[in-house]
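Written out below as structure tokens is the structure these notes cover.
All of these numbers come straight from a predicted model, not from anything done at the bench.
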Amino acid sequence: MTGTGHASMRIDTGAGSILCDPWVNPAYFASWFPFPDNSLLDWEALGDVDYLYVSHLHRDHFDAEHLKRFISKKATVLLPEYPTSQLEDELRDLGFTSFLRTRSDEVHELDGGLKVMIQALISPTDGPIGDSSLWVEYDGVRLLNQNDARPSDLSRFAELGHVHAHMLQFSGAIWYPMVYELPTAAKTAFGKQKRDRQFDRTWRYIDDLKADHVFPIAGPPCFLDDELWQFNDIFGDEGNIFPDQSVFMSEYAKVGGTNGVVLLPGSASEVTATGDITTTHPTDVDEFFANKKAHLEEMRERKAPIIAAEKASWRHPEIDVLGELKKRIEPLLEESIYLAKGVGGPVRFDLVSYDGDAVESIVVDFPGKQVRAYADEKVRYRFRTQRELIEHLIFIDEGDWVNSLFLSCRFSAARIGQYNEFVYAFFKCLSEERLQYAEGWYDEHEKAVEAEDTHLGEWTVQRRCPHLKADLSRFGIVEGNVLTCQLHGWKFDLPSGKCLTSVGHKIRAEKTGS
């Protein structure tokens, strides 16, 4: 395995090579960059591969410009089994013509004895409608590239035999809590909770699979724009959700982990069926991370023209934002049942003008099924961002604001009450195909009856978490009357069944013997 940055790697076997998730160019309104920098690798050589695997459409995994320029169009794409065709459609637009349409959780044998299996996750909250993991076996050596997918468990991979190399996410890949308008102390406390949950989830996955070697990948990004520089984990902030690989190694050691392996861009690890591993690096790993700030500062200076060019492309003053949003969003509101009900009220967008003085406030009114000017009413959910960002989303006809605006962290947010997953689910479904899929998914799961139980302490609860069906016998922790699902950190009040983390998602629970 050759490290090629972030979640990307090249896997070479005697029966062919697989390039996974190559990402080089800035993503999400030029806010995210790969760190360590991978732009100076020999991508002409790295891109000459037999197979390409793109786990999902998040732009730190799907880099259209890089795929088009550097990756061989002779490569066969290992395609996850997703409910929509968007990933295949976009890859075809880039020139790829050969596709192996895998079936989720089924092993496919390729030429020369190379075996692969892709597990696709397909809930509306998995990635941009979908995320996946890749299992590879050749000559008795097995690898799992979990990247940033969050399956409820890893049992399907474990069934296929002992895994020698396990690649998985450990760092943050979200905008919470940094963008929320909160007191500094509260933001730090929430950030620390999230950072701890990220590591807890990672330890659970590692313990589940018990691979010979563990590789921290899929993060963190770095933030090179001056406006976002504070999000880099270089200030000793215990609430920063973007710890790097060196922090992973330190934290992993605290829980007894001794088999961690860091891949820098250009690092190479050779793994054998006996579990032996040989790793070479382009530079000393410890020394590199000890000088992290200096590396970031050098990158910031070098990438500044790229950020400036991106920013210059966002303004489209000819666009009537309110009129265009009405035209695009109101038909979707009319068709939405579960998402609109889940949001349950108006969502306000405050658009700051080019000069920063004026603000135009627009409301997406879910109960009223309309987009309109703000009328001074009380709203539970509010976003504040630059007008040009919304103009650009309209200009490029972006159907997924999560995979663009929200992951950019170029906004602030405020809410009254709990997190509401339906707000973000709707704004990643701004197309007919996606909305219909999400509505159908929620309809199916709303009507599903959770018949199987599990016992946690003094409580009998439904075995599957109401959020995303994680197995609570594995991920559930009870403290007092509160159940926490460690997979995503969701909490439930057991006596009432109420979800304490978000709107909806009531759990069925009763005290044993009552």
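Checked against the 6.0 Å centroid threshold, F223 and F242 count as a close aromatic pair.
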Taking distance alone, no hydrogens or angles, what donor-acceptor pairs closer than 3.5 Å link side-chain atoms of residues 107-122 to residues at least two apart or in another chain?
| from | atom 1 | to | atom 2 | distance (Å) |
| --- | --- | --- | --- | --- |
| H108 | NE2 | R103 | N | 3.1 |
| Q119 | NE2 | D105 | OD1 | 3.0 |

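Side-chain contact, S8 with D21: no donor N or O sits under 3.5 Å from an acceptor N or O. Y53 and S132 form a side-chain donor-acceptor contact under 3.5 Å, judged by distance and modelled atom types alone. Inspection of the H58 and D148 side chains reveals no N or O donor paired with an N or O acceptor under 3.5 Å. The closest side-chain donor-acceptor pair between H6 and D60 falls under 3.5 angstrom.
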- Task: Just do the side chain to side chain contact (heavy atoms under 4.5 Å, CB included) check on Y437 and Y82 with the steps written out, would you?
- Result: CA-CA 11 Å; Y437 173 72; Y82 284 145; over 6 Å; no
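Between H56 and H61, the angle of the ring planes lies from 30° to 60°, which puts this pair in the tilted group. Below 30°, between 30° and 60°, or above 60°: for F289 and F35 the angle between ring planes is above 60°, a perpendicular geometry. Using the six-membered ring where Trp is involved, H66 and W43 have ring planes that are perpendicular, over 60° apart on the 30 and 60° scheme.
Under a 4.0 Å N-O distance rule, the pair R69/E65 does not qualify as a salt bridge. Looking at D453 and R508, a side-chain N of the basic residue comes within less than 4.0 Å of a carboxylate O on the acidic one, giving a salt bridge.
By the side-chain contact (heavy atoms from CB on, under 4.5 Å) test, T279 is found to be paired with V261, S269, I277, H281, residues two or more places apart in sequence or in another chain being considered. N420 meets the side-chain contact (heavy atoms from CB on, under 4.5 Å) test with Y381, F422, V423, V503; sequence neighbours excluded. Partners of R195 under the salt bridge (charged side-chain N to carboxylate O under 4.0 Å, His left out) rule, at least two apart in sequence or in another chain, are D233. Remark: Y180 pairs with R415, Y424 by the side chain to side chain donor-acceptor pair (under 3.5 Å) rule, at least two apart or across chains.
Counting heavy-atom neighbours within 6.0 Å of E433 CD, excluding the residue itself, gives a total above 12.
When each of F426, Y176, W175 is checked for a ring pair (Phe, Tyr, Trp, His ring centres under 6.0 Å) with F406, only W175 meets the rule.
In this structure a side-chain-to-backbone donor-acceptor pair under 3.5 Å is present from S31 to S408. With hydrogens and angles disregarded, no donor-acceptor distance shorter than 3.5 Å links the side chain of Q245 to the backbone of I217.
Contacts classified as salt bridge (Lys or Arg N to Asp or Glu O under 4.0 Å) and involving residues 236-259 (residues at least two apart or in different chains) are given here: D244-K292, E251-K254.
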